[in-house]
Amino acid sequence: SAPSMLRSICGTTTLYDIPGYCRGLYEADKGEDGFPILFAVYGSKLYVIRTGNEPEEIYDGLTNINAPVHICQTGGTKPYLVVVDGANVFCVGTYLTTEEMRSTIRSIQLPYRVDSTSQRIQPTHCAYLYGYLIVNDKGTDAFYTSYQYPFETTDEYDQIDWDIFMVNSTQYKDYGFITYSEWAPDNTTALISNGTLLYTFGPKSSQIFNYNSDVDMPFVSPSNCANLIGIKAPDSLAIVGDYIFYLGSSAIGENGVYYWRGNQLTRCSTPDVERLIQGFKNPEDARGQTWMENGHLFYALSFVNDDYTLVYDVTEQLWHRRSTKDAVTNKHHKWRPEFALLHNGKILFGVNDHIVYMDIHKFTEYDGRPMIRCRRSGVMQTEYNPFIVDGIKLICNAGDFENANLIPQIMMRYSESGGPWSNQEIGLLGLQGEYGTIVEWFNLGIHTCMTMEFSCSDPIDFAIMAAKIQFKEMDIL
């Protein structure tokens with residue numbers, strides 16, 4: 001039996017149609033009406049979505065259209081959305097009307113790299129805390145801080161001072177206000193904030209910075225807040241609450257999955273998970289997302305080139321795979337939903353051409369593709385003596401579904417000593433309301449080592465509580 005119930009994941013339903021490839025979703029706290037507002041980036045375009053309205057394009061001109069963007073918001077009575085696309089920093093007031101957004105969105109002038117008069121910094125990540133907007137430069141070990149309370153400071157003509165990185169100031173001319181992640185010289189390829197602390201990452205190290213209440217040195221790093229576990233995939237960085245997850249790298253952290261919580265770093269990957277990741281061709285393109293669902297905290301890690309998704313359940317401390325079935329073949333691809341976000345009580349995801357939400361009443365994908373729920377057992381053996389399997393009984397939620405015209409099926413197959421799978425055998429979950437239906441299979445042969453697999457593709461809330469096996473050990477020396 002399992003230590004807890006194995007439940008089906010929920011399906012998805014289309015909420016909005018937006019053409020193109022999704023690169024990011026973000027909920028800003030304050031829109032024109034003072035309530036939260038949704039933003040989405042698809043391809044080169046930025047959209048605003050107001051409750052009850054369809055998506056409205058406000059800008060077309062973002063670069064690096066095949067890569068995720070990273071987004072944050074500033075504070076104050078007139079907050080700004082900040083979008084970083086790997087080459088530019090765009091900003092727009094979230095409190096504005098759609099037309100005002102279209103006419104005022106702008107790209108912020110970026111500093112030059114130190115000792116260069118031609119190469120601007122290349123920011124891929126952004127954060128906002130204690131009134132400072134912060135971006136990294138993926139080509140150096142530096143991050144760049146704005147003046148405090150950007151977009152709230154005005155010049156002598158009462159106009160917003162858009163030179164937020166002080167590129168044209170006397171003190172920081174051309175190069176802006178720079179802080180180095182000095183504990184290790186590797187480039188700062190990612191950064192993130194939990195609202196209190198700033199976390200910076202390079203390929204071989206990570207470091208934590210505290211707010212210092214000093215305008216000349218607003219962020220400092222204590223001597224015990226750095227280590228030699230870096231980030232392998234900058235887009236694997238994801239946060240929910242005070243959990244910050246990422247795919248690790250370096251000599252002691254290679255292919256491990258970690259999370260920061262405050263200043264405590266925890267490794268959550270298992271040797272099997274790390275062995276799987278080690279076999280991937282390009283783990284550096286992994287993308288992370290986090291969400292909370294029914295009291296469970298999830299971190300999903302999708303490997304784009306290797307077409308594979310792993311999900312960690314923090315509550316259960318267990319890993320599982322999620323996939324999307326090919327529309328034509330039986331091949332399983334990486335799980336399509338990305339950029340998980342809670343908005344208006346729904347868990348939203350971005351997919352190509354749509355924004356979808358997790359639907360607790362649905363057990364197919366948004367386009368009708370079936371969701372195959374599969375559970376494989378561990379290896380069963382009796383000190384490697386042969387045994388005869390007389391029968392297997394699956395303890396599950398038979399009869400517990402809404403469609404009275406459906407007779408759901410469970411597929412069972414087994415493997416002997418790591419060999420090929422047997423042919424599938426069908427078990428029935430009964431008609432609606434037939435809660436006492438027994439799901440079992442008989443005469444499953446002689447085994448030395450046995451692994452079993454149960455799967456269900458019917459659109460029901462399938463759950464497994466336990467499985468029971470009836471066997472006889474053979475008296476063979």
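Here CG of L265 is found 11.5 Å from SG of C225. Values are rounded to the nearest 0.5 Å. Here NE2 of H333 is found 9.0 Å from NZ of K325. Values are rounded to the nearest 0.5 Å. Distance check, rounded to the nearest 0.5 Å: CG of L96 to OH of Y80 gives 6.0 Å. Between the CZ atom in F143 and the OG atom in S181 there is a gap of 5.5 Å [rounded to 0.5 Å]. Rounded to the nearest 0.5 angstrom, C72 SG and I192 CD1 are separated by 10.5 Å. Here the CG atom belonging to N64 is positioned 11.5 Å from the OG atom belonging to S44, to the nearest 0.5 angstrom.
Residues forming a side chain to side chain contact (heavy atoms under 4.5 Å, CB included) with D29 (at least two apart in sequence, or on another chain): Q73. Applying the side chain to side chain donor-acceptor pair (under 3.5 Å) rule to D400 yields no partners; only residues at least two apart in sequence or on another chain are considered.
At a cut-off of 3.5 Å, with distance as the only test, a side-chain donor of T63 or D85 sits close to an acceptor on the other residue. Of the N and O atoms on the side chains of N227 and S206, at least one donor lies less than 3.5 Å from an acceptor on the other residue. Between the side chains of S302 and E338, no donor N or O sits under 3.5 Å from an acceptor N or O.
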Test log, rule side-chain contact (heavy atoms from CB on, under 4.5 Å), inputs W162 and C91: CA-CA 10 Å; W162 298 105; C91 66; 3.8 Å; yes

Test log, rule side-chain contact (heavy atoms from CB on, under 4.5 Å), inputs F209 and S193: CA-CA 10 Å; F209 288 81; S193 171; over 6 Å; no

Candidate pair I164 and F151, rule side-chain contact (heavy atoms from CB on, under 4.5 Å), full reasoning: CA-CA 8 Å; I164 65 171; F151 316 123; 3.8 Å; yes

Step-by-step side-chain contact (heavy atoms from CB on, under 4.5 Å) determination, V314 to C268: CA-CA 8 Å; V314 179; C268 61; over 6 Å; no

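The salt bridge (charged side-chain N to carboxylate O under 4.0 Å, His left out) contacts involving residues 191-204 comprise nothing, where partners must be two or more places apart or lie in separate chains. Judged as a salt bridge (charged side-chain N to carboxylate O under 4.0 Å, His left out), not a single pair has a partner in residues 343-361 (not counting sequence neighbours). Each salt bridge (charged side-chain N to carboxylate O under 4.0 Å, His left out) pair with one or both residues in residues 227-251, not counting sequence neighbours, appears once here: K232-E254, K232-E284, D242-R261.
Between Y132 and Y211, the ring planes are tilted. Angles from 30° to 60° get that label. Ring orientation note: the planes of F298 and H320 are nearly perpendicular, at an angle over 60° on the 30°/60° scale.
The aromatic ring centroids of F165 and Y144 lie 6.0 Å or more from each other. Between Y259 and Y312, a ring centre-to-centre spacing not shorter than 6.0 Å is recorded. Here the two rings, on Y243 and W260, have centers that are 6.0 Å apart or farther.
In this structure the side chain of R287 reaches within 4.5 angstrom of the side chain of V304, judged on heavy atoms.
By the 6.0 Å contact criterion, NZ on K78 is open, its count of non-hydrogen atoms from other residues, nucleotides or ligands being 12 or less. The neighbour count for R7 CZ, taken as heavy atoms of other residues, nucleotides or ligands under 6.0 Å away, does not exceed 12. Summarising the local packing, CG of D17 is surrounded by more than 12 heavy atoms from other residues, nucleotides or ligands at distances under 6.0 Å.
Under the side chain to side chain donor-acceptor pair (under 3.5 Å) rule, S205 has a single partner from D186, T200, D141, which is D186. Under the side chain to side chain donor-acceptor pair (under 3.5 Å) rule, R336 has a single partner from T12, D367, T309, which is D367.
Judged by distance alone, the side chain of D307 and the main-chain N or O of K334 form a donor-acceptor pair under 3.5 Å. Side-chain N or O atoms of R322 include none that pairs as donor or acceptor with a backbone N or O of W335 at under 3.5 Å. Between the side chain of D306 and the main chain of F280, no donor-acceptor pair closer than 3.5 Å is present. A donor-acceptor pair is defined here as one N or O able to donate and one able to accept, closer than 3.5 Å; such a pair exists between the side chain of Q289 and the backbone of A340. In this structure a side-chain-to-backbone donor-acceptor pair under 3.5 Å is present from N212 to M217.
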With a 3.5 Å cut-off and sequence neighbours excluded, list the donor-acceptor pairs that the side chains of residues 32-43 form with protein atoms.
from: D33; atom 1: OD1; to: F35; atom 2: N; distance (Å): 3.0
from: Y42; atom 1: OH; to: V351; atom 2: O; distance (Å): 3.3
from: Y42; atom 1: OH; to: H354; atom 2: O; distance (Å): 2.4

